Amino acid sequence: MTYEAVRGMRDILPEEVGCWTLVEERVRDVARLYNYREIRPPIVEHTELFSRGIGEATDIVGKEMFTFPDKKGRSLTLRPEATASVVRAYLEHGLHVKEPFQKLFYLGPMFRYEKPQKGRSRQFHQYGVEAIGSLDSSLDVEVIEVAWTLMDSLGLGGLSLRLNSIGCAQDHGRYREVLRAHFADRITSMCPDCQRRHKENPLRILDCKDARCQEAIAAAPGSVDHLCEECARHFAEVRRLLEHASLSYRIDGRLVRGLDYYTRTVFELVSQDLGAQDALLGGGRYDDLVAKLGGPPTPGVGFAGGMDRLILVLAERANAPCADERLNLFLVALGEKGRAFALDLTRALRREGVSVDLDYRGRPLRKQIAYADSIGARLLLVLGENEIESAKGRLKEMDSGVEEDVALTPAAIADAISRRREEWNSSSSQSKSPRT
RNA sequence: GGGAGCGUGGCGCAACUGGCUAGCGCACUGGGUUGUGGUCCCAGGGGUUGCGGGUUCGAGCCCCGUCGCUCCUCCCA
């Protein structure tokens, strides 16, 4: 093997693409259902957008970005997430002036320089929604509902929602001190990482999984108990509305997300099927981000989900829904005459919107048919002297073996196929797929 | 970033304590006298054993390095 893909980047081959397009379609359908509109920011941004937006002190900015200089020496970065880009676009194009309240969604590749493992590659794909311009608790709940609805539409049950509120910027400062005080007298018996975190950002201690630290963490006060009056009220309302909508959740006082811009509501949807990389999607409020990036004080809330992980989970469950587009018709050409006839017929049928293919390698009849079968063609039509002379052929259904006479005109064949389309569409996603 | 394991044709695997031209299944190609597939039979192509060094009479097997993958940790999607 002479070349291989760059570490942490992988090919999505034709066999898998069906699952991807299906998930993408569902994301778009659900987003539209809730009136979120698609936005497509570029993949490369000025490095500063992320270091400002996501936070200098975060792991993402500190050590996980694909950053490089352009030809004029400006520092550019492959986006590690999309929220900062969406907010940048929101401000750059004056959306905040035209209509400050915007509901947007996106879909696409993100890049983080991490050690690759299952469910975590350096180029990965996220979908996400952002609702910018309102502090209303019902919007937090709507965003969470979008996530649940999407999972439902993919037939994914058995997921759980972890929920927390980390309060506003002022609350963060106070809570940090509360934690620092809590851990102060036992920090010496905790892991080295936590001793560092204790100084830098005690919030991160809550994320630690080291056995030595668990006791102290379990006894730590939750952020929920240290919210200011307004944040507490906001969170209570979020919870009330979630319950009202019958969306179950579990309060997790240890849930602190890795991006600095989060405020108030934070949440994660986790799956048991994913091992260490169990977060299927996560999000929350970012009420200070727009202002931090130079805009007017504007609240926002959103989430991002990992498509790669989602597809991994779908694949592990039985009957994963995958788009399965099968070729309508394969023409088997016999001899010179048959070949010429088949080429013309192919062109005519394609103009009629019928997907058709034929042999390009001069293979014998038997192999042509075997090939048609292996690529999952729905119908087969043999074109030899007999057919051309009589202007009649036999259309064979590959799955059942049933044959039907047809006139060899594009219109007649296209008609015979369109009669079957409905039946194909209703059974396509579960029926036998090609190459299995 | 730290820890552990693993790299043999496209895929899945085999090769006794280092010992003959590195095998098998699937897939692929051709054929079983150019008119019907998914079964069967025959034949065939394809690997400098991830890469680079070393030890040895001899290395797919041992040692070192390197690259990659997997899992845990970390982080998150």
Side-chain angles (χ1 to χ4, degrees), chain A residues 1-10 13 15 54 58-64 80-83 108-128 147 191-194 196-197 204 207-211 255-259 262 266 268-271 274-283 303-313 330 332-339 359 361-377 379-387 393-401 403 432 434-436:
Chain A
M1 179 157 302
T2 46
Y3 288 102
E4 40 190 61
V6 171
R7 173 158 205 207
M9 319 267 172
R10 68 181 205 96
L13 298 172
E15 286 73 24
I54 300 171
T58 60
D59 277 7
I60 293 179
V61 172
K63 46 193 182 191
E64 296 175 1
E81 60 111 46
T83 304
M110 309 290 161
F111 302 83
R112 291 184 201 173
Y113 200 96
E114 292 184 272
K115 202 166 180 174
Q117 62 180 254
K118 197 187 193 82
R120 186 173 77 188
S121 47
R122 289 181 175 176
Q123 174 177 334
F124 59 105
H125 303 78
Q126 287 191 329
Y127 55 90
C191 74
D193 274 339
C194 282
R196 177 178 51 78
R197 292 176 180 130
R204 300 248 74 90
D207 259 345
C208 185
K209 272 117 193 158
D210 193 297
L255 180 62
V256 277
R257 314 217 69 244
L259 292 77
Y262 283 115
V266 291
E268 270 178 16
L269 212 52
V270 299
S271 159
L274 276 173
Q277 313 302 324
D278 68 342
L280 213 47
L281 106 216
F303 75 80
M307 298 231 294
D308 312 65
R309 280 183 198 176
L310 185 53
I311 285 163
L312 224 51
V313 175
F330 192 90
V332 175
L334 257 37
E336 288 295 311
K337 273 178 158 174
R339 169 89 179 155
D359 171 69
R361 295 179 287 182
R363 307 174 89 191
L365 172 88
R366 198 179 165 76
K367 303 293 183 187
Q368 289 192 44
I369 295 170
Y371 176 73
D373 179 53
S374 77
I375 62 171
L379 298 169
L380 185 82
L381 181 58
V382 175
L383 298 170
E385 304 239 347
N386 302 345
E387 286 79 7
R394 305 178 63 102
L395 210 49
K396 179 173 180 176
E397 258 180 13
M398 293 298 275
D399 289 355
S400 62
E403 294 188 324
K432 102 167 193 182
R435 296 189 182 281
T436 43

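All values below were derived from every heavy atom in this structure, side-chain atoms included, with hydrogens, water molecules and symmetry-related copies excluded. This is a predicted model, so every value here is computed, not measured.
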Check your understanding: Given B/G37, B/C75, B/G35, which nucleotide is nearest the side-chain atoms of A/Glu387?
Key -> B/G35
Check your understanding: What nucleotide, of B/G35, B/G37, B/C71, holds the atom closest to the side chain of A/Lys396?
Key -> B/G37
**Study point:** Residues that A/Ile311 engages under side chain to side chain contact (heavy atoms under 4.5 Å, CB included), provided they are two or more places apart
**Key:** A/Cys19, A/Trp20, A/Val23
Point to revise | Contacts of A/Glu385 that satisfy salt bridge (Lys or Arg N to Asp or Glu O under 4.0 Å) - sequence neighbours left out | key: none
Practice item. Please tell me if the side chains of A/Arg394 and A/Glu387 come closer than 4.5 Å, counting only heavy atoms from C-beta onward. Key: no
Point to revise | Base partner of B/C69, which must satisfy Watson-Crick or wobble distances under 3.5 Å | key: B/G5
Practice item. Would you kindly compare A/Asp308 and A/Tyr113 by the position of their nearest RNA chain B nucleotide and give the one closer to the 5′ end? Key: A/Tyr113
Practice item. Could you check whether A/Ala372 gets within reach of a base, just the sugar-phosphate, or nothing at all, counting any heavy atom under 4.0 Å? Key: nothing
Exercise for review: Mind checking A/Glu336 for me? I need base, sugar-phosphate or nothing, with any heavy atom below 4.0 Å counting as a touch.
Suggested key: nothing
Check your understanding: Which nucleotide, B/C75, B/C72, B/U29, lies nearest any side-chain atom of A/Glu64?
Key -> B/C75
Check your understanding: Does A/Arg366 place a side-chain N or O at less than 4.0 Å from the phosphate oxygens OP1/OP2 of B/G37?
Key -> yes
Study note, to complete from the structure: Picking from B/C75, B/C67, B/C71, the nucleotide nearest the side-chain atoms of A/Glu114 would be B/C75
Check your understanding: If only side-chain N and O atoms of A/Arg363 are considered, is one of them under 4.0 Å from the OP1 or OP2 phosphate oxygen of B/G30?
Key -> yes
Practice item. Using a heavy-atom cut-off of under 4.0 Å over every strand shown, decide if A/Ile60 touches base, sugar-phosphate, or nothing. Key: nothing
Check your understanding: For the side chain of A/Arg122 and the backbone of A/Glu114, is there at least one donor-acceptor N/O pair under 3.5 Å apart?
Key -> yes
Point to revise | Short side-chain N/O contact from A/Gln368 to OP1 or OP2 of B/U36, under 4.0 Å | key: no
Review point. Do any side-chain nitrogens or oxygens of A/Arg7 fall under 4.0 Å of OP1 or OP2 in B/C69?
Key: yes
